[in-house]
Amino acid sequence: MREIKISFYQRKVFLIFLNCLVFSFLTGSLFAQTISGKVLDERSGEPLPFSNVFISNTTLGATTDINGNYSITGQLPQNFELAVSFMGYYTKFRSIAVNGRSNITVNFELEPKVNQLEEVQLKAKRDKKWERDLKRFEKVFLALPDDPFLKNSRIMNPWVLDFEEGRENGIKYFAAKAEGPVQIENNALGYDIEYHLERFFETRKGFQYYGLVNFKEQVNTEDQKIKRNAAFQGSLRHLIQQLVENKLDYDLFEVMPERIMEPRTNDFYYEIGKSIQPITRDSLYICELVEGYNVIVLPKKLEVHFKRKPWPNDYYQDVYHTISWLEAPLGYFIVDKYGVLPDPTQLVRSGYMGRERMARFLPHDFEPDEELGKLLVDFDSAIIQNTKWNNLREKPHLTLNKSFYYPGEAIWLNATMLYQNPIYSDTLSRLLHVELYDKNFKVIVSEKFPIEKGKAKGVLVLPDQLTPENYVLRAYTQWMRNYEDDGFTYLPIPVIRKNQLAHLAQYEGGERDEESIEVVLTPRFESSSWSKKVELELEILEADLDFVGGEFSVSVLDADLNPDAGFHQNIGRTMNWLYGPEKSIRFDAPRFQIEYGNSISGYFKDRPKKPLNVPITIVQGQLEDYGVVRSDTSGYFWVTGLNFRDTLDIAIAALNDKRKRFGQVILSSIQSPEVETFLPRVRYNLVNAPSGELEYAYADLMSGDYFELEEVTVSNTALPNWEESNYGYGKGDRSIGPAFLEARPDLSLDQVIAMNMPPGGFGRYNFGLDAGAPVLIIDGARFFGDEAEVWSYLKSIIAAEVESIEIFTFSANIFGIQGFGGAIVVKTKKGSRQLNRDVVFDAGQFQLFKVKGYSHVPNFPVLKNNEGVIPRRSAIFWNPRIEWSSEMKKHKLDFNLSHLTSRIWVRVEGMSWDGVPFQREFEVEVPK
């Protein structure tokens, strides 16, 4: 007998088919049902009158009478969650299966809350950080900012919400919890909603929230009825109901595996038959299980078009209606008679159907009018675009070690990046540009520094012959140039003569929020015959019981040489930028790209009439970094992601199939933005400096025999196993494990990867830029080759040989230049694939260019345990980056002082990991 092999997916469909045969005999007719019971106090056994009993996600509910009894009658769902809530008690629910019963009894005993916070106490805990988090929460939970229903929907008791930020598997998350039910007034659709939030979790990959929901009808207006119908049309429920009833107003397309050698275009009609294949409703396997329940088999990703609803999109250039995508991780999903998924995790949705929030959420028992009527145009394309780009804004906040400077001195700085939407922070700029310009708007000093985890530190050395006058420090990223100078930071920098001091005419730092983080300073002094030894103990105290931790900077100045601790606004005031009006880019598309490291731009030239659109190979050092980008039709190319300091030789060439150079490459400088006629000033008076020698020049500071201060950081994380952590690269943004690979052993890896990536979605999510070839690493060794060679090699490996695959997109910057195109890390079984690890780079075919990298930033030199007379210094101590945690709340800073120093300023500024800023200044007398 011939053996018949059945695939994993075929077995799954076969089992579903058997279930359909079994359950098709269990169908019955509809009839009214009643669920009733009693609600009691768990401790006293007393009845709880006026308790709210409801069937979650419906308008079906009742209130208990004076004896705690309730009764709900109607056509109940086959399976539902019955919940009860009462002020001062914990909400409870039970999962109910009707199973053909006409009368069901369910009793509840509620547990009273102990030490419940009053509303006034909850409100008192709120601050600007909480207000910003509330706006973030509302965008995900209530409605997107571009949704016209938002203005008619609001959360009535936001004070019950609390928020949390952190990292999980290296990815930032934003979470929320509620002390009680969230009350929502939806005047757009005509419902008052009580939402018992159980989970709210958002990352850059998406979001998830769920809970028990009680709908109560308002007195409906005709406008609200029209809006309900409009919200229903084009929704997931609308689609599912039409699929089950076989009355389809939608166009369906099966998404095909990604074409490796031919990227997807944005021409819809060109893509039909290539990246998408039209299908009919009959090609979907839909089976009735029990009364009101259906299983829909969905083995591949589905693209759904609803032509009756106008909608802007940038996925296709010639389509002007709603587009959605649906994926079933299990290969199928189950829906009830309302068109609702009992288990929402069975279906992943994106596009238009992924926009649905509470402002558009209809109860499951809502039934649209038979004649849905005219469609509302419920969008504003200008608002949609504005919101999209507003999410990607960033701005540096600068903290300096001093307030004024002398010619030849160095400006030591620390930058904290602020992000309009922190979820996207890992995908934004990794390079900060800092410039000093004069009153004639001429740039005097220009440096660039790497941004790591939202922080950058730097040093700008002032020329010895710099004319004393007012200067301006400007900090920005190339990406923020798309928003005019909205995200630029400007700081006035007084440069004065050596025998003078600058004294503030009016303190501008003022306005400090009530901060939940306190700083306790304990100074200790010890005198010797040569100097004074100082030990400063700083303790960071957080008000909340849940200790978060964070990072801060410390500057110590001679108070007699610095009459004021700081001329510049604190970080709390800079954060007001986050609460300002939304802004969009000033062009139709971004002209300035995100820099993921050092960048290079240039042009390729060849003989007349030869194509200029060619692959350009860039090599750093002896293959320390390597990448291939493509020039455009004019020969222009741009590459980013190189990580090196100072000046380095970079090899660049256009290579043909035989690895021979052709044409010529000419590098062009990346121009800094023009300096607008803007000269921020700070009002100060000049006074005479104390007599005596003063050590201030950068050259003198760095030439002495000093202790070079290292940053103080705390880490309790054990060093990872190199192989177990994907050879040091960690977890990818998408992981393909044994379960997927073993189910498809005969597929080549290019097919496996295509099945796990959205069409055109491979590579770093870099907002429309040409990504180029991804990095390929097999068993820890890097594969060197162009894009065609990478995918050709992946074709030669089958899933049966592989243990795991990690795909890096958002986090691909760790791979340098070629990470611009994403990265693939493959771990084979028993290291069965070994690449040549001894590749030698031959620079003979390349042009060499000297390229400036990151500016050198030495650690601040601190006088410590010195023998001999210690010179007096205006800036005594500077550490831009000190971490605190629950295990390390106290930090000891020690250094030596000149005998001439009688007072010191200690300035501390920082932010907790969940975004709470703080700033403190201390004036400390030095004992004689």
Side-chain angles (χ1 to χ4, degrees), residues 261-263 265 431 433 446 448 478-479 481-482 587-644 646-674 763-764 766-775 784-791 816-821 839-853:
M261 303 306 297
E262 185 183 357
T265 70
L431 188 68
H433 297 263
S446 177
K448 54 184 182 178
Q478 288 288 347
W479 175 249
R481 296 176 66 180
N482 293 300
F587 315 111
D588 292 335
R591 293 187 183 178
F592 303 98
Q593 312 303 346
I594 294 174
E595 293 187 288
Y596 297 100
N598 294 305
S599 304
I600 294 174
S601 68
Y603 294 88
F604 169 75
K605 291 178 62 177
D606 203 356
R607 291 167 293 171
K609 297 183 180 181
K610 289 289 184 179
L612 300 177
N613 179 235
V614 299
I616 306 291
T617 302
I618 299 100
V619 179
Q620 174 186 324
Q622 289 294 321
L623 290 175
E624 285 89 10
D625 201 354
Y626 160 92
V628 179
V629 296
R630 199 164 192 93
S631 58
D632 62 20
T633 53
S634 65
Y636 175 79
F637 69 90
W638 182 81
V639 64
T640 187
L642 291 96
N643 290 295
F644 63 91
D646 302 321
T647 300
L648 189 69
D649 284 334
I650 302 294
I652 307 176
L655 302 177
N656 60 23
D657 294 341
K658 296 181 180 180
R659 306 285 185 185
K660 299 296 183 182
R661 186 178 80 194
F662 64 98
Q664 181 185 11
V665 170
I666 302 170
L667 288 196
S668 59
S669 59
I670 298 175
Q671 298 296 321
S672 63
E674 290 186 9
R764 182 183 293 149
N766 44 34
F767 313 104
L769 304 180
D770 182 14
V775 178
F784 292 95
D786 59 23
E787 188 167 7
E789 291 170 325
V790 166
W791 293 111
I817 309 173
Q818 204 170 353
F820 192 74
V839 178
V840 178
F841 169 57
D842 178 13
Q845 294 296 324
F846 288 75
Q847 294 175 247
L848 293 180
F849 299 90
K850 289 196 177 295
V851 177
K852 183 181 178 182

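Side chains included, hydrogens not; waters and symmetry mates left out as well; all remaining heavy atoms used.
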Legend entry - Thr647 (side chain) donor-acceptor with Lys850 (main chain) under 3.5 angstrom: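 No, the answer is negative, given that no donor and acceptor are paired below the 3.5 Å cut-off.
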Inset, instruction - Check whether any side-chain N or O of Lys448 sits under 3.5 Å from a backbone N or O of Lys852 as a donor-acceptor pair, and report yes or no. - result: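 Confirmed, Lys448 side chain pairs with Lys852 backbone.
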Rounded to the nearest 0.5 Å, what separation is found between the [atom1] atom of [X] and the [atom2] atom of [Y]?
X: Ser668; Y: Ile600; atom1: OG; atom2: CD1; value: 10.5 Å
X: Gln593; Y: Arg481; atom1: CD; atom2: CZ; value: 11.5 Å
X: Gln847; Y: Arg661; atom1: CD; atom2: CZ; value: 5.0 Å

Please find the pair of heavy atoms, one from [X] and one from [Y], that lie closest to each other, and give the distance.
X: Leu431; Y: Gly597; value: CD2-O, 3.6 Å
X: Gln478; Y: Gln671; value: NE2-O, 4.1 Å
X: Ser634; Y: Asp632; value: OG-OD1, 2.7 Å
X: Ala654; Y: Ile616; value: CB-CD1, 4.0 Å
X: Ser599; Y: Thr640; value: OG-OG1, 3.0 Å
X: Ala651; Y: Leu848; value: CB-CD2, 3.6 Å

Legend entry - Test applied, side-chain contact (heavy atoms from CB on, under 4.5 Å); reference residue, Ile618; option that passes from Val851, Val629, Val628: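 Of the listed residues Val851, Val629, Val628, the side-chain contact (heavy atoms from CB on, under 4.5 Å) partner of Ile618 is Val629.
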Inset, instruction - Take the angle between the ring planes of Phe587 and Phe592 and call it parallel below 30°, perpendicular above 60°, tilted in between. - result: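 Phe587 vs Phe592 ring planes: tilted.
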Inset, instruction - Give every residue pair that meets the side chain to side chain donor-acceptor pair (under 3.5 Å) criterion with at least one member in residues 605-621, sequence neighbours excluded. - result: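 Checked against side chain to side chain donor-acceptor pair (under 3.5 Å) - neighbours excluded - the pairs reaching residues 605-621 are Asn613-Arg630.
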Quick one: are [X] and [Y] in side-chain contact, heavy atoms under 4.5 Å?
X: Phe846; Y: Val665; answer: no
X: Pro590; Y: Trp479; answer: yes
X: Leu648; Y: Asn598; answer: no

Legend entry - Test applied, ring-ring contact (aromatic ring centres under 6.0 Å, His included); reference residue, Phe604; option that passes from Phe662, Trp638, Phe637, Tyr636: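 Single ring-ring contact (aromatic ring centres under 6.0 Å, His included) partner of Phe604 among Phe662, Trp638, Phe637, Tyr636: Phe662.
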